[in-house]
Structures are given as C-alpha cells and as structure tokens.
Number of protein chains: 2
Amino acid sequence: MRVLDHPLQADQARILCKALADPVRLTVIEALAGGERCVCDLTGELGLSQSKLSFHLKLLKEAGLLESRQQGRWIYYRLRVEALHSLQAWLAALAVRCERPASPCP
Amino acid sequence: MRVLDHPLQADQARILCKALADPVRLTVIEALAGGERCVCDLTGELGLSQSKLSFHLKLLKEAGLLESRQQGRWIYYRLRVEALHSLQAWLAALAVRCERPASPCP
DNA sequence: TTGATTCATCAACCAATTTTGATCTATGGT
DNA sequence: ACCATAGATCAAAATTGGTTGATGAATCAA
C-alpha cells in the first residue's frame, strides 16, 4: 500500500511539519492542491504581497513540499505529493508503534 | 478504512504540525510511542531539564497530541493515537485532491 | 506538622521566524 | 536598445518561540 512506502527519518518529518505549521503556507498548499499555479496567480488569489509569497514558496520548496518550473517569465509551482505520502507513512509507523497489545494488567 | 476517518480542518492540522515541528517534542513523542511514561522518567531518559520538558509537554497536550493522568505524585503522559490518525487523514485528503486526472495536454 | 519529591508556572533572557519595502535579475515585447 | 513585467533576494523591524533558574502547589512519608 502506498501509505507504507518511504520510511522517513524523524528529522525529515520534523522539517515537513515545520513547513506545514504556518497559516500562510497552508493556504498556499491548499491552493496548489487544486493544481499547478504561477506566482502571480497565487498573489492575486491569496492576497499576499509578492515578497511574502516568495519567501514562503522558497521555504516550502526547500522542505521538499513543492517543485517549480519556469515558462517564459512565469514560474509555476506545484505540490510534491510524494512528500505528503512520506509524512503520512511516518505518522502511520508511529501510530503502529503505539498500538502494541496492552501489557497484562498492572 | 481508519486513515480516512476524522476529516480535519486545515487549522487543526496546522496546530498538530506546529507541535511536531520541534526536535525536543519529537523525541518526547517517540519516547511515548513506546508507551505511557511519567515526567521524571522522561527527564532522565531524554536528559532534559524539568521545566524544559514541562514546557513541551504542555504544548503537546494543548495541541491534542498527548493526554495525562495523575497517580499519586506522578503524572503519566501518553500519546493520543487519534491525533496521529487525524493528521494522517488530513494529509490523505490533500493528496487525493492532487491526484485528479491530468487535464488533456495543453 | 515537617520535610522531601514531583511537577507546573513565571519572568527574564536569548534565538529563530516572519513581515516589509527596496533593490536586483531575467525575460519578452516594441 | 529600451521599457514593462515576473519573481528572487536582502536588510531592518516586528513577532513569535524556546531556555533558564526561581518559586509555588500538591502529594506523600515520617
């Protein structure tokens, strides 16, 4: 099953979580879940200043959540679904560790 | 399927991610994945000062990742697996939104 | 009741992130 | 070549977060 691929280091999970732990970045992520978009689209759609958006896009990209391509003057960003799956897998593994059979009563 | 229960608001997901986005808190989480522990156990095991640990435990609890119970002088903390599942579900829902069929080529 | 132990809380300090506005680079149109 | 547009980058200011050491509250044992 897809969710169990990619066992992730705790530190990589932390980096992904950190990237997701900001309201601006979360709106960006959700906008991009709808498909690839160029920066100027996003500034309009989300009402963000250009440099603010650029700052967060860079951060998300460095965390591995986004990738981008250039087309003429425009730069298109899109979500890396693999990153979402990796984090899911890490959480799943953690949850499994919690669900060991209860020890015989104390 | 368990992973698809509990549809989560983006903001709750953000709060969970924020709580997970710190190295100290992540070691606490991983220690508690091994089972319930009292605070003084954790300070020893993780080599953290008492007030530092207490600060992070509070934060994790407020985020919904931990719960605690008192027994005599000791306070035992444990992971809330539901929180992990919620976040997993949120990620899964996001990933699904990304995987819509590609639009006919441009 | 006294003293020891466990844990929470507080204030002061330090460190990391975010925001803003300005400037810089690259691309494309004329 | 010149100008307009898209987006990255930078430094300073503002904000948020984490750490420390001290103090406080609750529990228990003697």
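Heavy-atom basis, side chains included; hydrogens, waters and symmetry copies ignored. Chain naming here is simple, since letters A, B, ... match the order of the sequence lines and numbering starts at 1 in each.
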S.K.: Is Glu67(A) salt-bridged to Lys61(A), cutoff N-O under 4.0 Å?
M.R.: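 No, this pair does not count.
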S.K.: So, is Lys58(A) close to the dA8(D) phosphate, meaning a side-chain N or O under 4.0 Å from OP1 or OP2?
M.R.: no
S.K.: Mind calculating the distance between NZ (Lys61(B)) and P (dC7(C)) to the nearest angstrom?
M.R.: 13 Å
S.K.: What residues, two or more places apart in sequence or in another chain, satisfy salt bridge (Lys or Arg N to Asp or Glu O under 4.0 Å) together with Arg73(B)?
M.R.: none
S.K.: What one-letter contact string describes nucleotides 23-30 of chain C from 5' to 3', where B marks a base within less than 4.0 Å of any protein heavy atom, S marks contact via sugar-phosphate atoms alone, and - marks no contact?
M.R.: ----BS--
S.K.: Linking directly or through intermediates, with side-chain heavy atoms under 4.5 Å: list the remaining ILVMFWY members grouped with Phe55(B), chain and number order.
M.R.: Leu59(B)
S.K.: If you check the Cys40(A) side chain, which of dT19(C), dA6(D), dT9(D) turns out closest?
M.R.: dA6(D)
S.K.: Could you report the tightest heavy-atom contact between Leu16(A) and Ala63(A), atom names first, then the distance?
M.R.: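 Smallest heavy-atom distance, with atoms named: CD2-O, 3.3 Å.
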S.K.: Which nucleotide in the list dG7(D), dT9(D), dC7(C) gets nearest to the side chain of Val39(A)?
M.R.: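 Of the options given, the side chain of Val39(A) lies nearest dG7(D).
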S.K.: In terms of side-chain heavy atoms of Val24(B), which of dT19(D), dT9(C), dG18(D) is nearest?
M.R.: dT19(D)
S.K.: Between Ser51(B) and dT20(D), does any side-chain N or O lie under 4.0 Å from OP1 or OP2?
M.R.: no
S.K.: Regarding Leu59(B), tell me which of base, sugar-phosphate or nothing describes its non-hydrogen contacts under 4.0 Å with the strands shown.
M.R.: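 Answer is sugar-phosphate: Leu59(B) comes under 4.0 Å of backbone atoms only.
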S.K.: Does Tyr77(A) put a side-chain nitrogen or oxygen below 4.0 Å from OP1 or OP2 of dA8(D)?
M.R.: yes
S.K.: In whole angstrom, give the distance that lies between atom CG of Leu53(A) and atom P of dT20(C).
M.R.: 13 Å
S.K.: Can you tell me which nucleotide in dA22(C), dC7(C), dT18(C) comes closest to the side chain of His56(A)?
M.R.: dT18(C)
S.K.: Nearest-nucleotide wise, let me know which of Lys52(A) and Leu57(B) is further upstream toward the 5' end of DNA chain C.
M.R.: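 First, find each residue's nearest nucleotide; the 5'-ward one identifies Leu57(B).
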S.K.: With respect to the phosphate group of dT17(C), does any side-chain polar atom (N or O) of Lys18(A) fall under 4.0 Å of OP1 or OP2?
M.R.: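 Lys18(A) to dT17(C) OP1/OP2: side-chain N or O found under 4.0 Å.
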